[in-house]
Amino acid sequence: MPYVQVRVSSSLTKDQIRTLAAETLNSIALIPGKTASVTMAEIIPDCNLYFGSVDGAPCAIVDVAANNSPDPEALKAYSKCLCKALGEIAGIERSRIYIKHHANPEWHTGKMFLE
């Protein structure tokens with residue numbers, strides 16, 4: 001049950017946010033055992049992010065939390081897809097994107113508590 005938070009320093013239209021969310025959700029299938037149907041994505045534009053200087057080009061940070069430790073090669077493939085999407089949709093260069101992956105073994109949906 002991944003949770004992916006994408007924070008960008010630039011403004012995005014509603015269509016850009018939806019497109020980025022779709023890319024974030026749909027490409028999660030690159031990680032074995034992960035699907036869009038159990039992934040939550042949060043896209044946050046207009047963040048006060050600074051990379052190297054306060055008047056630099058747009059930048060982003062992506063936080064990917066999953067309930068186990070996926071294969072590093074799968075994480076690399078997912079990260080590559082996210083970087084491509086951020087470049088195409090938000091105009092952010094790969095060198096200005098941080099991606100953090102971490103496992104959270106206690107991550108569950110509310111549905112799990114109802115069964």
Side-chain angles (χ1 to χ4, degrees):
M1 287 162 264
Y3 165 71
V4 184
Q5 182 185 72
V6 181
R7 301 174 71 89
V8 299
S9 63
S10 53
S11 296
L12 300 175
T13 66
K14 287 184 179 185
D15 285 340
Q16 287 175 308
I17 291 170
R18 273 191 228 102
T19 302
L20 186 54
E23 288 291 327
T24 300
L25 292 169
N26 295 330
S27 60
I28 199 74
L30 292 168
I31 302 173
K34 306 302 178 199
T35 63
S37 65
V38 295
T39 300
M40 182 177 285
E42 181 178 21
I43 312 299
I44 308 169
D46 296 312
C47 291
N48 293 318
L49 296 173
Y50 305 96
F51 193 115
S53 70
V54 295
D55 55 354
C59 58
I61 184 163
V62 180
D63 187 353
V64 181
N67 61 338
N68 60 18
S69 296
D71 173 63
E73 288 303 312
L75 294 177
K76 185 176 180 179
Y78 184 60
S79 296
K80 186 175 181 179
C81 188
L82 290 177
C83 286
K84 182 179 179 204
L86 282 164
E88 291 174 357
I89 298 164
I92 300 174
E93 296 177 20
R94 287 182 186 210
S95 63
R96 300 187 57 79
I97 301 169
Y98 276 178
I99 300 179
K100 177 176 68 170
H101 297 277
H102 57 96
N104 186 348
E106 299 302 320
W107 200 262
H108 305 286
T109 66
K111 179 182 176 191
M112 294 186 76
F113 297 106
L114 300 174
E115 294 176 347

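Index from 1, following the sequence.
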Report task. State, with a plain yes or no, whether a side-chain heavy atom of Thr39 is found less than 4.5 Å away from one of Tyr3. Result -> no
Report summary line: In terms of heavy-atom contacts, Gln16 and Ser11 come closest through OE1-O, 4.2 Å
Query raised in the report: At what distance, to the nearest 0.5 angstrom, does CD1 of Ile31 lie from OG of Ser79?
Result: 7.5 Å
Report task. Taking the side chain as every heavy atom from C-beta outward, state whether Tyr98 and Val62 have any pair of such atoms under 4.5 Å apart. Result -> no
Report task. For residues Arg94 and Cys83, report the shortest heavy-atom separation together with the two atoms involved. Result -> CG-CB, 3.7 Å
Report task. Establish whether Leu30 and Leu25 are linked, either directly or via other cluster members, by ILVMFWY side-chain heavy-atom contacts under 4.5 Å. Result -> no
Report task. May I ask you to test the Ser9-Cys59 pair for a side-chain heavy-atom distance under 4.5 Å? Result -> yes
Query raised in the report: Which distance, rounded to the nearest 0.5 Å, do you find between the CZ of Arg18 and the CD1 of Ile89?
Result: 12.5 Å
Query raised in the report: Taking atom types as modelled, is there a side-chain donor on Ser53 or Asp55 under 3.5 Å from an acceptor on the other?
Result: yes
Query raised in the report: Would you call Cys81 and Glu23 a side-chain contact if the rule is heavy atoms closer than 4.5 Å?
Result: yes
Report summary line: Rounded to the nearest 0.5 Å, the CD atom of Gln5 sits from the CD1 atom of Ile43 at a distance of 9.0 Å
**Report entry** Residue pair Lys34 / Ala66: nearest heavy atoms and the distance that separates them
**Finding:** CE-CB, 4.1 Å
Query raised in the report: Looking only at atom types and distance, does a side-chain atom of Arg7 sit under 3.5 Å from a main-chain N or O of Pro45, one as donor and one as acceptor?
Result: no
Query raised in the report: Cut-off 3.5 Å, side chains only: do Asp63 and His101 have a donor facing an acceptor?
Result: no
Requested in this report: Measure the spacing between CG of Leu49 and CD1 of Ile61 and express it to the nearest 0.5 Å.
Outcome: 7.0 Å
Query - Within one Ile-Leu-Val-Met-Phe-Trp-Tyr cluster: Ile17 and Ile97, side-chain cutoff 4.5 Å - result: yes
Query - Heavy-atom side-chain proximity of Ile44 to Glu42 below 4.5 angstrom - result: yes
Query raised in the report: In Å and rounded to the nearest 0.5 Å, what is the CD to OG1 distance from Glu88 to Thr19?
Result: 11.0 Å
**Report entry** Close side-chain approach of Ile92 to Phe51, heavy-atom, < 4.5 Å
**Finding:** no
